[in-house]
2 protein chains.
Amino acid sequence: MRDATLRDVAARAGVSIRTVSNVVNGYAPVSDALRVKVEAALAELDYRPNLIARNLKQGRTGLLCLVVPELDVPYFAELARAVIASGREHGYAVLVDQTDADPDRERELLTRNSRLALFDGLILSPLTLSADDLRHRGNRTPIMLLGEHIFDGSFSHVAIDNVAAARDATTHLIGLGRRRIAAIGDQPYATGDTAQLRTAGYRQALERAGIPLDPALIRPTVHFHRRLGAAAALELMALPSPPDAIFCYNDLLALGAMRALTRAGIRVPEDVAVIGIDGIEEGEFSTPSLSTVVPDKQQIATLAVGGLVALIDGTTGPIPAPAEIRAGHTLLVRESTVARP
Amino acid sequence: MRDATLRDVAARAGVSIRTVSNVVNGYAPVSDALRVKVEAALAELDYRPNLIARNLKQGRTGLLCLVVPELDVPYFAELARAVIASGREHGYAVLVDQTDADPDRERELLTRNSRLALFDGLILSPLTLSADDLRHRGNRTPIMLLGEHIFDGSFSHVAIDNVAAARDATTHLIGLGRRRIAAIGDQPYATGDTAQLRTAGYRQALERAGIPLDPALIRPTVHFHRRLGAAAALELMALPSPPDAIFCYNDLLALGAMRALTRAGIRVPEDVAVIGIDGIEEGEFSTPSLSTVVPDKQQIATLAVGGLVALIDGTTGPIPAPAEIRAGHTLLVRESTVARP
DNA sequence: CAGTCTGTCTGCAACGATGCAGAGCTGCCA
DNA sequence: TGGCAGCTCTGCATCGTTGCAGACAGACTG
């Protein structure tokens with residue numbers, strides 16, 4: 001059976017459609033007599049408002065969408081939690097979409113007919129999209145970007161200082177007396193912006209400490225999953241002169257590397273110290289627990305949602321200029337770099 | 001500036017609204033001359049169809065929503081990937097909502113004005129909802145349930161055989177010669193249905209092996225996170241006669257337990273064997289790697305999405321009866337129960 | 001040449017809700 | 001009694017799109 005509409009309820013109660021709407025929304029005063037009749041009719045017909053129709057009239061849905069490459073990368077799952085919480089504070093429901101790190105899927109989002117046009121705004125963590133893709137996109141939904149990948153000033157953008165984060169991690173290893181420090185996760189090609197910033201921070205730290213750079217110690221990986229971290233760690237240990245510390249560009253790489261090292265009988269941190277970036281909970285419970293640089297996820301979420309809401313409100317007012325917004329990070333030292341006594 | 005509408009484009013091109021619509025959608029044949037004019041106008045005005053309006057007219061959005069308690073529980077993140085993939089195969093985009101395991105948030109979903117009414121269907125993994133909550137819900141969006149929590153025959157429902165899964169895990173431990181086998185994760189109260197089924201499977205396995213049940217070895221936990229697994233493991237080891245194996249009701253509990261045991265100098269699996277349920281990737285890279293019972297997530301997703309799509313299509317045809325649908329599971333033996341040689 | 005068909009194109013109504021302007025009634029005051 | 005204000009309530013237009021029925025012109029058939 002078709003859902004009851006305002007028209008059905010109105011007919012049943014013998015009043016106008018408009019009055020039923022008023023009762024439902026409490027917009028205008030309605031006499032008690034009519035209210036009772038209308039409410040009875042509402043109940044009898046089990047009326048439920050059609051949100052699509054309401055949204056069409058009002059021009060908004062109250063929904064935001066967070067788009068991430070992969071939800072089963074814990075960093076994104078933890079970030080999602082924070083974004084959802086921030087969205088609620090602003091009165092928006094946040095839903096999460098996953099692109100599977102697929103360039104076509106990312107581009108599909110920006111299509112003329114993208115179903116995401118139903119959302120009032122998008123928070124997008126792009127992997128392969130270019131600034132051009134964004135500028136020529138087929139819909140006009142306000143967008144806030146996460147991460148360093150795209151930054152050319154045309155879009156607002158929240159990220160930690162990746163150079164500083166990588167520098168902090170590497171400097172920590174140097175402070176422990178390590179000298180052959182490897183890096184896992186470089187991506188020396190167009191879409192590897194974030195990785196390249198981390199490489200830059202790694203190099204800065206070495207340079208400031210006067211440690212010469214050995215290119216053989218920088219291992220690229222096409223993505224940031226455990227498996228590639230494990231493989232890269234083994235490659236590094238097979239070098240003629242293997243590293244005594246490894247800086248991984250995220251925690252998953254680090255956890256994979258630790259697993260491979262431990263299995264190969266190499267002690268972490270005694271033989272090789274390992275550190276990552278992301279501050280995921282998994283690293284607190286690994287053996288050994290993982291030292292890491294923790295991005296302030298709550299701050300990232302707050303800034304991103306706040307900025308996006310300003311953009312959305314701005315569509316009927318002054319539009320805030322695109323801004324590069326920095327979130328904080330902190331070093332978290334655990335057993336993978338400093339063994340417990 | 002307001003977005004251009006079909007009306008604007010029609011005025012510009014000097015044709016009817018309907019013809020513009022035909023050009024946009026390719027529904028009816030349009031002569032080349034007109035098509036060129038219309039396409040020029042479309043481009044000049046940068047027309048983008050209003051999806052809300054289109055959806056209102058068509059009565060569907062092509063969106064499904066997967067609702068889970070917590071995305072940063074890896075099982076749900078991995079399941080989400082599978083559900084999203086299955087949704088795409090049926091031509092639906094799947095978005096993910098998280099309730100933070102909050103009963104109020106769960107109930108909010110079923111509200112008359114829930115924003116989820118925008119979706120064509122819901123796949124719901126409920127934690128605290130009762131069958132009554134569902135029956136009296138304020139919207140009529142088709143629903144498919146995941147997990148054992150609610151099952152009274154009024155709703156379709158996909159789950160593994162939790163009793164068998166728990167029995168398989170416990171039997172594996174018994175097969176290793178373990179005799180004092182503990183269980184972490186029981187929830188002996190109304191909303192703990194899944195946990196109770198796993199306890200039942202655990203007891204069945206002991207019974208079949210003729211091992212007496214020691215209630216002191218069953219540790220309840222209010223949720224299934226790493227921290228509580230760690231705490232429960234330590235409590236168990238403090239018993240006068242501690243266990244030689246622990247069956248945890250999910251992998252996170254098991255990973256937490258392993259971490260606590262290792263840190264306390266207790267060897268896994270030599271002193272205590274540990275097994276979980278969920279088959280999350282994290283267990284493949286932990287030290288030691290985690291034995292587990294793996295639910296067939298792809299099958300769960302396929303069955304859930306398939307069933308939901310049938311329900312949705314059924315709203316204009318015969319509605320399939322609510323069914324209890326079983327997905328498979330397999331035992332995966334790794335280092336936490338059988339040490340590598 | 002009339003009649004029919006085909007291929008284009010159009011106008012109207014509808015999806016289900018809300019914004020707006022005003023109608024009708026009542027009561028009050030001068 | 002006339003005029004006005006205030007409270008309810010209503011009808012109409014509208015959001016932007018698509019479904020439907022039909023108009024119209026030109027081509028084809030007999």
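Nothing here was measured: the structure is a model prediction, and the numbers come from that model. Residue numbers start from 1 in every chain, and the chains themselves are labelled A, B, ... in the order their sequence lines are given, proteins ahead of strands.
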CG/A:Leu311 to CG/A:Leu122 distance, rounded to the nearest 0.5 angstrom? 11.5 Å
With a 4.0 Å limit, can you tell me whether A:Ser31 has a side-chain N or O closer than that to the phosphate oxygens OP1/OP2 of D:dC7? no
Any donor-acceptor pair under 3.5 Å linking the side chain of A:Asp46 with the backbone of A:Ala43? no
Going from CG on A:Leu308 to CG on A:Leu303, what distance comes out if it is rounded to the nearest 0.5 angstrom? 12.5 Å
Check the distance between C:dC15's C1' and B:Ile52's CD1 and give it to me in whole angstrom. 14 Å
Atom-pair distance (CG on B:Leu56; P on D:dT14), nearest Å: 17 Å
To the nearest 0.5 Å, how far apart are CG in A:Leu95 and SG in A:Cys65? 6.5 Å
For the CZ atom of A:Arg54 and the OG1 atom of A:Thr61, what is their distance to the nearest 0.5 Å? 13.0 Å
Check the interface with nucleotides 18-20 of chain C: list each N/O to N/O pair with the protein under 3.5 Å, or write none.
from   : atom 1 : to      : atom 2 : distance (Å)
C:dT18 : OP1    : A:Asn25 : ND2    : 3.0
C:dT18 : OP1    : A:Arg54 : NE     : 3.1
C:dT18 : OP2    : A:Ser21 : OG     : 2.6
C:dT18 : OP2    : A:Asn25 : ND2    : 3.2
C:dG19 : N7     : A:Arg18 : NH1    : 2.4

For the helix from C:dC1-D:dG30 to C:dA30-D:dT1, what angle lies between the axis at the first five pairs and the axis at the last five pairs, to 10 degrees? 60°
Working note: A:Asp100 + A:Gln98, criterion side chain to side chain donor-acceptor pair (under 3.5 Å); need CA distance, chi angles, decisive distance, verdict. CA-CA 6 Å; A:Asp100 290 340; A:Gln98 161 173 289; 2.8 Å; yes
I want to check one thing: is the phosphate of D:dT10, taken as OP1 and OP2, less than 4.0 Å away from some side-chain N or O of A:Ser16? yes
From CG of A:Asn50 across to C1' of D:dC15 the rounded distance in Å is 13 Å
Is any side-chain nitrogen or oxygen of A:Thr19 closer than 4.0 Å to OP1 or OP2 of D:dC9? no
Starting at atom CZ of A:Arg35, determine the distance to atom C1' of D:dC7, rounded to an integer number of angstrom. 14 Å
Closest to the side chain of B:Val15, out of C:dA17, D:dT17, C:dT10, is C:dT10
To the nearest 0.5 Å, how far apart are CD in A:Glu78 and CG in B:Asp72? 6.0 Å
Between the CG atom in A:Asp120 and the NE2 atom in A:His90, the distance rounded to the nearest 0.5 Å is 13.5 Å
Grab the CG-C1' distance between A:Asn55 and D:dT17 for me, whole Å please. 15 Å
Starting from the C-alpha separation in whole Å, work towards a yes-or-no answer on side chain to side chain donor-acceptor pair (under 3.5 Å) for A:Gln298 and A:Ser86. CA-CA 8 Å; A:Gln298 190 54 61; A:Ser86 293; 3.3 Å; yes
In whole angstrom, give the distance that lies between atom CZ of B:Arg60 and atom P of C:dG16. 16 Å
Counting the atoms with a prime plus P, OP1 and OP2 as sugar-phosphate, which does B:Leu34 contact under 4.0 Å by heavy atoms, base, sugar-phosphate, or nothing? sugar-phosphate
Please report, rounded to the nearest Å, how far the C1' atom of C:dC9 is from the CG atom of B:Asp32. 15 Å
What is the distance from CZ of B:Arg7 to P of D:dA13, rounded to the nearest Å? 13 Å
